[in-house]
Amino acid sequence: MARANATYYASRDPFGTAGDFITSPEITQAFGECLGLWAAITWQLMGRPDPVILAEAGPGRGTLMADALRAVRSMVPDFARAARLHLIETSPLLREAQRARLPDASWHEDISGLPDGPLILLANEFLDALPIRQFLRRDGGWMERFVENGRFIEQPAPDAPLPDAGEEGEIREVNEPARAVASALGARLAAQGGAALFIDYGPGESGPGDSLQAIRNRKAADPLADPGASDLTAHVDFAALAGAARAAGAAVHGPLPQGLFLLRLGLHSRAAALAASDPGRGARHLEAATRLTAPEAMGRLFKAMVLCHPSLPTPPGFGTA
């Protein structure tokens, strides 16, 4: 999965209506604008550190961050002046697209390359593309799935990172790179301050199931066919990531449904303002906001979760009000 996705993202721009899939920042500019203002308010809760590292993991074409910075420069210019922009991207092709929109950024291969200091990190649909391992319960033990000659095979896994119990035939997924990201960020945020906002899709609680999927030409595809030609993703285990971050010393807020989070941030109000200022595309702005928040669309399956310094007040959108 790791090698296939590395090839996939290095060889194409998969985003938007002409690509294989469309993400929230490409659906409406209001998404990035709301996240930018979320970052600005979080910066204020942090005590307005200057400078502050503003980073994005998996920034795609740079659309989200460009929208975020436009809103920030207009509404919270002090934060815009304090922010130092850093992007975590491995694809040379996507880095060029990002550079066109965000020429002042610095680029890194992974989170460990970020400079020290207070950090605000945004990551939309980043974790779901990190490689998983799959384990199956067979005859009272765990077997691990591997791929050989375009098909799944199973091998005994006596050291599987799972409890020594389970229902016969059940499948469990473990995303070790995602847990490592949560652990490293948890330790960093606990030591240096800041917050990391993850928005991705998956259940709120850990559970069994096979969630590996492939998207190609905006349709479901065989995950094992033509490696590197489809986008491979799996559901994010938010509970496991929260546990890893807490063990490293961070506080965790969420996960909560994306729809509720975006409603609390005022996404619909922003969409209505866009519709009023652009009547020719008014219906499109309102439909986009509904798509991101409606439970039957992206509002329930997608979740938002924040890792942060333990002393940080509750970040915007995660309170009970």
Side-chain angles (χ1 to χ4, degrees), residues 1-5 8 20-21 23-24 58 123-148 150-183 198-216 218-225 227 230-247 252 254-261 292 294-305 307:
M1 183 175 176
R3 293 196 299 270
N5 273 348
Y8 176 79
D20 288 328
F21 56 88
T23 59
S24 297
N124 179 65
E125 294 195 54
F126 168 70
L127 297 172
D128 61 26
L130 298 181
I132 60 167
R133 299 170 70 186
Q134 282 190 342
F135 299 90
L136 295 87
R137 194 69 176 172
R138 303 285 196 205
D139 301 322
W142 291 107
M143 304 287 287
E144 184 169 5
R145 270 184 171 173
F146 293 87
V147 178
E148 181 178 87
R151 63 184 181 88
F152 285 124
I153 62 170
E154 299 175 11
Q155 296 182 6
D159 299 323
L162 293 166
D164 190 22
E167 296 292 329
E168 179 69 16
E170 79 173 34
I171 298 174
R172 290 277 178 172
E173 296 177 340
V174 177
N175 192 324
E176 292 169 332
R179 293 185 186 188
V181 166
S183 180
F198 290 96
I199 298 180
D200 227 308
Y201 70 100
E205 300 294 334
S206 302
D210 176 3
S211 72
L212 178 67
Q213 62 180 313
I215 296 293
R216 186 177 185 182
R218 305 177 69 79
K219 297 179 182 177
D222 180 354
L224 302 187
S230 301
D231 176 51
L232 299 181
T233 63
H235 284 190
V236 173
D237 186 343
F238 286 99
L241 302 188
R246 289 191 181 103
V252 178
L256 76 164
Q258 171 181 283
L260 176 60
F261 176 66
L292 295 188
E296 66 275 13
M298 298 172 68
R300 180 184 294 128
L301 178 60
F302 281 73
K303 308 291 193 304
M305 185 172 74
L307 320 179

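- Partners of Arg172 according to the side chain to side chain donor-acceptor pair (under 3.5 Å) rule, which considers only residues two or more places apart in sequence or in another chain, are Glu170.
- The side chain to side chain donor-acceptor pair (under 3.5 Å) search around Asp200 returns none, not counting sequence neighbours.
- Among residues two or more places apart in sequence or in another chain, the side-chain contact (heavy atoms from CB on, under 4.5 Å) test is passed with Glu296 by Ala294.
- Applying the side chain to side chain donor-acceptor pair (under 3.5 Å) test to Glu173 and every residue at least two apart in sequence or in another chain returns Gln134, Ser211.
- Residues passing the ring-ring contact (aromatic ring centres under 6.0 Å, His included) test with Phe302 are Tyr201, sequence neighbours excluded.
- Applying the salt bridge (charged side-chain N to carboxylate O under 4.0 Å, His left out) rule to Asp164 yields the partners Arg137; only residues at least two apart in sequence or on another chain are considered.
- Residues passing the side-chain contact (heavy atoms from CB on, under 4.5 Å) test with Pro131 are Met1, Ala2, Pro177, sequence neighbours excluded.
- Take Arg246 and apply the salt bridge (charged side-chain N to carboxylate O under 4.0 Å, His left out) test, not counting sequence neighbours, and it matches no residue.
- Between atom CG of residue Asp237 and atom CZ of residue Arg179 there is a gap of 6.0 Å, rounded to the nearest 0.5 Å.
- Scored by the salt bridge (charged side-chain N to carboxylate O under 4.0 Å, His left out) test, Arg300 finds no partners at all (sequence neighbours excluded).
- Every residue was checked against the salt bridge (charged side-chain N to carboxylate O under 4.0 Å, His left out) condition with Asp222, not counting sequence neighbours, and none meets it.
- Of the possible polar contacts, one joining the Trp142 side chain to the Pro163 backbone as a donor-acceptor pair under 3.5 Å is found.
- Qualifying side chain to side chain donor-acceptor pair (under 3.5 Å) partners for Asp128, counting only residues two or more places apart in sequence or in other chains: none.
- The side-chain contact (heavy atoms from CB on, under 4.5 Å) check on Val147 picks up Phe152, Leu224, with sequence neighbours excluded.
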